[in-house]
Amino acid sequence: MPMEKTFNAAEAEPRLYDAWETAGCFVAGANAKPEASSYCIMIPPPNVTGVLHMGHAFNNTLQDILIRWKRMQGFDTLWQAGTDHAGIATQMVVERRLAEAQQPSRTEMGRDAFLQKVWEWKGESGGTIVNQLKRLGASCDWSREAFTMSGAPAAPEDVATGNFHDAVIKVFVEMYNKGQIYRGKRLVNWDPHFETAISDLEVENVEVAGHMWHFKYPLAGGETYEYIEKNEDGEVTLRETRDYISIATTRPETMLGDGAVAVHPSDARYAPIIGKLCEIPVGPKEHRRLIPIITDEYPDPDFGSGAVKITGAHDFNDYQVAKRGGIPMYNLMDTKAAMRADGKPYAHEAAIAQAIAAGTQAFDETMIAAMNLVPDEYRGLDRFEARARVVADITAEGLAVMVEKTITDEDGVEAILWEPFVENKPIMQPFGDRSKVVIEPMLTDQWFVDTDKIVGPALDAVKNGDVKIMPESGEKVYFHWLENIEPWCISRQLWWGHQIPVWYGFPVTTERGQLMLQGANGQALIERFEEQGREIDKPIWLSDLSPIDEEFGVSAGVIPFCAGDQYELQKKVREYLDKKLAWLGLSPDVFSQLAIDENPEDPTQLFEQGIYGLERDPDVLDTWFSSGLWPIGTLGWPEGTTELEKYFPTTTLVTGQDILFFWVARMIMMQLAVVDQIPFDTVYLHGLVRDAKGKKMSKSTGNVIDPLDIIDEYGADALRFTNAAMASLGGALKLDTQRIAGYRNFGTKLWNAVRFAEMNEVYANGAPTTRPDPEFTVNAWIIGETAKIREVVDEALEQYRFNDAASALYAFVWGKVCDWYVELSKPLLLDGSDAEKAETRAAMGWVLDQCLILLHPIMPFITEELWTETAARDKMLVHADWPTYGAELVNAQADREMNWVIDLIDAIRSARGEMHVPAGLRIPLVQVGLDAAGQQAFAQNKAMILKLGRVDTVTEAAEMPKGAVTIAVPGGSFAMPLEGVIDVGEEKARLEKSLGKLAKEIGGLRGRVNNPKFAASAPPEVVEEARENLAAREEEEAKLTAALNRLAEIA
RNA sequence: GGGCGCUUAGCUCAGUGGUAGAGCACUUCGUUGACAUCGAAGGGGUCACUAGUUCGAACCUAGUAGUGCCCACCA
C-alpha cells in the first residue's frame, strides 16, 4: 500500500506518544549505554493550575530537543517532570471558583475546609498542563512526576506522591538554626487584595499619572521665622515671615501617620526651626498632633520645598529615616489598606502620640503598633477615599499652599486667581504582579532569608565558571542583582503553601503568678502539670525576659520554636524551659514530667495541632522558597537516593530570563546553602515569546496564540521546528504563523522524499542497515554531505544554538537531499543498471535514515512515524543510535565532481530561464574545449545533466557556434544553439549583466591580491583562496567576453 | 538615574574579521512519473549614522541617533 501524500499529525501524534510512553522510552536511564555519564534537566515546574502557553511550548521544546539528543547518544538521561503549587495563583483560582459557584468564601469555610477544596482542584486540573506537554511531545519521565506540595499534611495520596514538603521544612529549620532565616518587624510590600506580604520581585513599578500636593504644617504655638531663599550667587530672592513649613506629598492620607518633618542639615532656610514642633494639619482641631522638625541626610534641598514629612510605616525611605532618628512609625491601615478602625478613640491615641513627640512618653514597638492615629471621621475609609478627604479638608481650612494663576476671559481681560498648588506629574507606583492593585508598604512581622549570608557562594559559582549562564549578558544581570541583594521576605499570609514550621509561646504570668508559657488559645503548659497532680512550690515569673529569651529569638514578647517534627519541637521547648528555670534559679526537676513522648499514638496530629497549647505560625512560605529547592527536592533529598547520587548536580536548566532572580539565582543560592553544591552546570536563558510583530501576547490585545491550536492545525513538529529555528542565543522570539506553516511544509517535504524512496523500492528488503561504500559519485557525494551535517548539528547543539541546528537540517534535507540528491538519483533508479539501482537504493535508504535520526530531536513525531512505517526496526527511532561519523566520509573527488555538475545544471537552467526558453522544450547542448576533468564529470553524470537541464542531445565542437547562448564552466564552455528561439539582444544583455557582476568581484579580488600588505598579513589559506578565486573569475570573464564578441559579429 | 540589549532585503530574522544570507512576501514560467503544503528562474540591501583600529569591518573601539527590556527611594 503506497504511503499517503501527507503526514496525518492529528492521528499519528497521540498514537506515537502513547507508544513511546508505554514502552518506557522516557524513564530515567532509558537507552543509556553501560557506564554512561548522566544528563539531567529539571523542568521549570509549571503552575499546577496552569494551561500551556507559547512560553511553555518554546521552553519545553528546547529541553526536549536536548534530552532526546542526549538520550539517543546513549547518556543516562533524566528529564525530571513536575508542577508547582503556585501559592497565590492557585489560591486565587480556587477562591474565584468558589465565588462563581456561590459557595462559602475562603474565610467563611475556614482553613482546613479551604485547603481541602484546593486539593480537590489540584486533583481535577493538575493533569491538564501535563497532558498538554505530552501533546507537544515532551519526553519527560512522567513516572517521577513531582509536585512542590507533595507530602504536605492533608495531601490526598492519590493526587500527590512524593515528599517535597519534608525537604522544604527541613531546609527551613536548618537555615533557621544556622541563623540564615530570621523573623522581624519590617516594612514590607503588602498586597491589599490578597492581604499578604510579597517580595520585592513580585512588585511591578509602573509609571502612572499622579499628583503632588503642597501643604502647610503650621509651627506650634504660632511661632514664626524668617524664610529666606537665595539663588546660586547667594542673592536673596525671597524673604518672608512664615508661621509654617511647606511640605510636598503624593500621598496625603499618610500624613496621619507622620512622626516628624525632616530637612537636610545643611539647609539654611530651615535652620531657625530645627528642633521645634509643627502641626499636622489634619484631624480634629483640638487634638492636632505636633511633630518635631528634624535633620537627616535624606531630604534633597533642591527638590520641592526641601522638607519631607516622615511616615515610617508607609514609605520605604521614611522608614530608614525614622529608624535612624528613633521616630515612631504609626501604622494607619488594616490588611485591606483601609484606614484602621480598631483601637482607642483618636483623642486618646493622639494625646499619647503628643507625649511621645514631646519626649515625655517612652514607647516601644508593640505599643506603637497598637496605636491607631486615624482620626475618627476617617476610620474605615478606603485609602484613596481617605486621600481625597484629607486633601479637601486641608484645602478647606486654608492650609494648602496656594499659587497664582493668570486666566484670560472671553474679552481678553486677564485676571489673577489663587489656587491650591497641585502638580500633575508621573509617579512610579508599585503594583502587585498578580493582584494588579497598588502595593502598600506595611510594617508587619515577617520571616526573611538573610540573603547576605548565603549570597557569596552563589556569586562565586558563576564567577569561577562552575555555573555558566547563557547568553553571557545574563551573567552581568545576575551579578548586578546578587551584589545588591535585599533580604528576602518569605512569609505569606496565605493558606495554600508550606506552613511555616514555627510554634510560638507567650511567657506570661497569671493571677496566681504561675503560668509560664502559653499558646494563643490560652491552654497553659503549667496546667498540664497540675492536672497530673504536681504542685509547683513557688511562683515562677517567666514573663520576665531574660538572655535565654533573647537566645531563642524573642520578638514582641513571643518565643518562637522552630522544629521540623514533633520530637524536635518538644526538645526545643524543653530546652527553653530548662534554661529559663536555671536562669531563674529553679530546679529543672519541676518539669520532669514534661517527658518527651517518644512514641505518640498519632504523632502527625499532635504535631499539626501543636503541642502544649503552642500556636503555630499561620503563615506559609513564598512559593519560590520551595521551588528554590526543586533540584534536590525532586531527586529525593534529604534521603540519599540513587537518583540524587546519579543526577545531581543536574546538567542544564532551560528557562525564561524573567525568572532569573525569582528562581535561578535562588536555586543556586539555596542548593549551595543546603547541600553545598551547585544545582546545574549551565543555564540557558531565553526571552518572552511574542507575536509576529513583536508585541507581548495578552488577552486584552487579543494576540494570544494558543500552542494547542497551532498543534491542531500544523502538528506539533511544525511548532517545535519553529521554536528551534527562533532560538538564537539572546535573539528575539517573534512567532509568525506563516513561518510555522513553512515548517509544516518542510515536514511534508521530508515525508514525500521518503515516499519517493519507498516507491522506488528503497525499503523493499527491510530496513537500511549498512552504509554502502559507494562506487557512484552522486552517492558518495550525498554521504559526505550527510557526514558534514551531522557535525554541524552536534556542534550547534553543544553550543545551544538550536537555530543553527534547525536551519542546517532544513537546508540539508530540502536544499541538498530533496532538490538535488532525489532528482539526481532518478535516472539511476529509473533507468540505471542493476548495480546503480542497488547502490543508490542503499545509499538513499541510509541518507534518509540519517535525516530521520538527526531531525528526531526537533521533529520527533513525523520522523518516528517514517522510521517505523518504512521498515521493521530493531529499536524505535527515539532510541536509535546517534551517529558519530564525520569528515572521513567526505570524498573530495566526488565533492568536486558533483559540485561541477550542479553548477552546470544551474547555469543551464539559469540561461534557459533568462532567455525565456519554454520550460517544456528540450534543447540541444554543445560542449566546447572541455578539459579532462570536465569530460569525465560530464560523461559520468550525463543522464542527470540531460534530465535536469532538459537537454535532448549533446554534441562536441571545436569552436563555439555562432548565435548560441554561452555557458562558462571551469575547464570549458557549453553552448545552447538556439537560433530562432532566442533573442540576440537579450543574450547580449544577459552576458553583460554577468560580466558586470564579475568585474565587480574581480576588482575587489585584484585589489586584495595585488596589495603586498594583504599577502604579508593575511593567513596563507586566505591569500591562496583569493588567488584561486580570482583565476576562476578571470577565466569565466574571458569566456563571456569572447561570447559577447561573437554576438557582436552577428549583429 | 543606573544596567543590559537591539538597529542587516518589503516583512520576520540569522550572520562576530576574509566575495552580504534564510524564510515569507513579490515577478515570470511550469499539471517533468515524491511532493502544488510543489518545482524552475528572477528582482530586491550605502548591513542606522560618524570617526577610529586593520591589508581587509555588518562584525572590533569610541561617539551620535533611534528603539526595547530590566533595575532604582527623589518626597
Side-chain angles (χ1 to χ4, degrees), chain A residues 2-3 5-7 200 205 212 247-251 262 298-300 302-311 315-320 427-428 471 473-474 476-477 480-481 484 657-658 660-661 687-688 692-694 714 718 725-726 728 730-736 738-739 741-760 801 803-804 807 810-811 815 818-819 822-823 826 830 906 909-920 922 947-948 950 1000-1002 1004-1005 1007-1008 1011-1019 1021-1023 1025-1026 1029-1030 1033:
Chain A
M3 287 169 61
K5 277 194 174 183
T6 54
F7 172 57
D200 305 346
N205 290 302
M212 193 155 79
I247 303 290
T249 180
T250 56
R251 306 204 47 200
Y298 163 60
D300 175 356
D302 297 326
F303 186 85
S305 68
V308 184
K309 67 190 209 57
I310 300 302
T311 321
D315 181 284
F316 285 98
N317 290 314
D318 294 4
Y319 178 72
Q320 295 301 332
I427 54 172
M428 292 299 278
S473 60
K476 293 182 192 170
V477 181
H480 186 256
W481 188 68
N484 299 287
Q657 55 200 201
D658 52 330
L660 176 63
F661 307 143
L688 221 60
K693 298 215 169 75
Y714 301 101
M726 285 197 299
S728 67
L733 307 175
K734 296 187 191 174
L735 189 69
D736 186 350
Q738 272 193 317
R739 198 168 176 188
Y743 291 127
R744 183 268 323 266
N745 296 353
F746 173 65
T748 306
K749 191 75 182 172
L750 172 72
W751 180 268
N752 279 289
V754 174
R755 182 164 176 262
F756 170 83
E758 197 263 339
M759 290 167 77
N760 284 282
R801 304 178 74 106
N803 61 314
D804 283 354
S807 54
Y810 184 96
C818 294
D819 288 349
V822 168
E823 294 304 325
K826 283 178 181 173
L830 297 169
D906 266 342
R909 283 170 164 179
S910 181
R912 287 179 62 119
E914 286 189 59
M915 300 310 296
H916 303 109
V917 176
R922 291 180 170 273
K947 183 168 171 57
L948 300 190
R950 302 193 71 71
K1000 223 172 132 189
E1001 284 181 48
I1002 289 170
L1005 284 165
R1008 266 203 285 167
N1011 182 345
K1013 283 186 179 170
F1014 173 65
S1017 327
E1021 65 271 17
V1022 172
V1023 176
E1025 197 190 331
N1029 231 320
L1030 180 59
R1033 302 290 149 191

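Basis for what follows: all heavy atoms, side chains included, without hydrogens, waters or symmetry-related copies. Chain naming here is simple, since letters A, B, ... match the order of the sequence lines and numbering starts at 1 in each.
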Study note, to complete from the structure: Here the distance between atom C1' of B/C24 and atom OH of A/Tyr810, to the nearest Å, is 9 Å

Review point. Which whole-number value in Å describes the distance from A/Phe746 CZ to B/G23 C1'?
Key: 13 Å

Exercise for review: Could you please name the option among B/G15, B/A75, B/U19 that lies closest to any side-chain atom of A/Met212?
Suggested key: B/A75

Review point. With a non-hydrogen cut-off below 4.0 angstrom, is A/Phe303 in contact with a base, only sugar-phosphate, or nothing?
Key: base

Point to revise | Given RNA chain B, 5'-ward residue of the pair A/Asn752 and A/Ala725, judged by closest heavy atom | key: A/Ala725

Check your understanding: Can you tell which of B/A75, B/A34, B/A41 lies closest to the side chain of A/Thr249?
Key -> B/A75

Review point. CG of A/Asn205 versus P of B/C74: gap in Å, rounded?
Key: 8 Å

Review point. Checking only heavy atoms, does the side chain of A/Asp736 share a donor-acceptor pair with the base of B/U12 at less than 3.5 Å?
Key: no

Point to revise | C1' atoms of B/C47 and B/A22, separation to the nearest Å | key: 15 Å

Practice item. With the side chain of A/Arg950 defined as its heavy atoms from C-beta on, choose the nearest nucleotide among B/C74, B/A40, B/U32. Key: B/U32

Point to revise | A/Arg739 (side chain) and B/U12 (base): donor-acceptor pair under 3.5 Å | key: no

Point to revise | Proximity to the side chain of A/Arg801 - top-ranked nucleotide from B/U16, B/C73, B/G5 | key: B/U16

Practice item. Classify the nucleic acid contact of A/Pro1019 as base, sugar-phosphate or nothing, counting any heavy atom under 4.0 Å across all strands shown. Key: base

**Study point:** Separation of the P atoms in B/A20 and B/C59, to the nearest angstrom
**Key:** 13 Å

Review point. Using purine N1 to pyrimidine N3 plus N6-O4 or O6-N4 for Watson-Crick, or N1-O2 and O6-N3 for G-U wobble, both under 3.5 Å, which nucleotide pairs with B/G43?
Key: none

Study note, to complete from the structure: Between A/Ser1017 and A/Ala911, the residue closer to the 5' end of RNA chain B by nearest nucleotide is A/Ala911

Check your understanding: How long is the line joining CD of A/Glu1021 and C1' of B/G56, in whole Å?
Key -> 15 Å

Review point. Could you give the CG-to-P distance, from A/Asn484 to B/C73, as a whole number of Å?
Key: 11 Å

Review point. What interatomic distance, in whole Å, is found between C1' of B/U46 and the corresponding atom of B/U8?
Key: 12 Å

Practice item. Sort out the partner of B/A34 for me: Watson-Crick or G-U wobble, both distances under 3.5 Å, none otherwise. Key: none

Check your understanding: Now, which nucleotide makes the Watson-Crick or G-U wobble pair with B/A22, with each of the two distances under 3.5 Å?
Key -> B/U12

Practice item. Please work out if A/Arg251 contacts a base, only the sugar-phosphate, or nothing of the nucleic acid, heavy-atom cut-off 4.0 Å. Key: nothing

Review point. Taking only side-chain nitrogens and oxygens of A/Lys5, does any of them come within less than 4.0 Å of OP1 or OP2 of B/C38?
Key: no

Review point. If you measure from the C1' atom in B/C6 to the same atom in B/U16, how many Å do you get, rounded?
Key: 15 Å

Review point. Using purine N1 to pyrimidine N3 plus N6-O4 or O6-N4 for Watson-Crick, or N1-O2 and O6-N3 for G-U wobble, both under 3.5 Å, which nucleotide pairs with B/G5?
Key: B/U67

Check your understanding: What integer number of Å spans the P atoms of B/A65 and B/U28?
Key -> 45 Å

Check your understanding: With distance as the sole criterion, do the side chain of A/Glu914 and the base of B/A40 form a donor-acceptor contact below 3.5 Å?
Key -> no

Review point. Distance between the C1' atoms of B/G15 and B/C71, in whole angstroms?
Key: 31 Å

Review point. Nearest to the side chain of A/Asp300 - B/G18, B/A34, B/A75?
Key: B/A75

Point to revise | Candidates B/C71, B/G33, B/C4 - which lies nearest the side chain of A/Leu830 | key: B/G33

Review point. Which one is paired to B/A62, where only Watson-Crick or G-U wobble pairs with both distances under 3.5 angstrom count?
Key: B/U50

Check your understanding: Within the structure shown, what part of the strands sits under 4.0 Å from A/Gln320 by heavy-atom distance: base, sugar-phosphate, or nothing?
Key -> nothing

Check your understanding: After noting the C-alpha distance and the side-chain angles of A/Asp300 and A/Val308, does the key distance pass the side-chain contact (heavy atoms from CB on, under 4.5 Å) rule?
Key -> CA-CA 9 Å; A/Asp300 175 356; A/Val308 184; over 6 Å; no

Point to revise | Length of the CG-C1' vector between A/Leu1005 and B/G56, whole Å | key: 12 Å

Review point. Which one, B/C74, B/A34, B/U19, comes nearest to the side chain of A/Arg1008?
Key: B/U19

Check your understanding: The side chain of A/Thr748 lies closest to which of these nucleotides: B/U37, B/C35, B/A14?
Key -> B/U37

Review point. Under 4.0 Å between a side-chain N/O of A/Lys826 and OP1 or OP2 of B/A34, yes or no?
Key: yes

Practice item. Taking only the side-chain nitrogens and oxygens of A/Asn745, find out if one of them lies under 4.0 Å from OP1 or OP2 of B/C35. Key: no

Check your understanding: How far does the C1' atom of B/A9 sit from the matching atom of B/G45, given to the nearest Å?
Key -> 5 Å

Check your understanding: Touch check for A/Leu660, heavy atoms < 4.0 angstrom, all strands: base, sugar-phosphate only, or nothing?
Key -> nothing

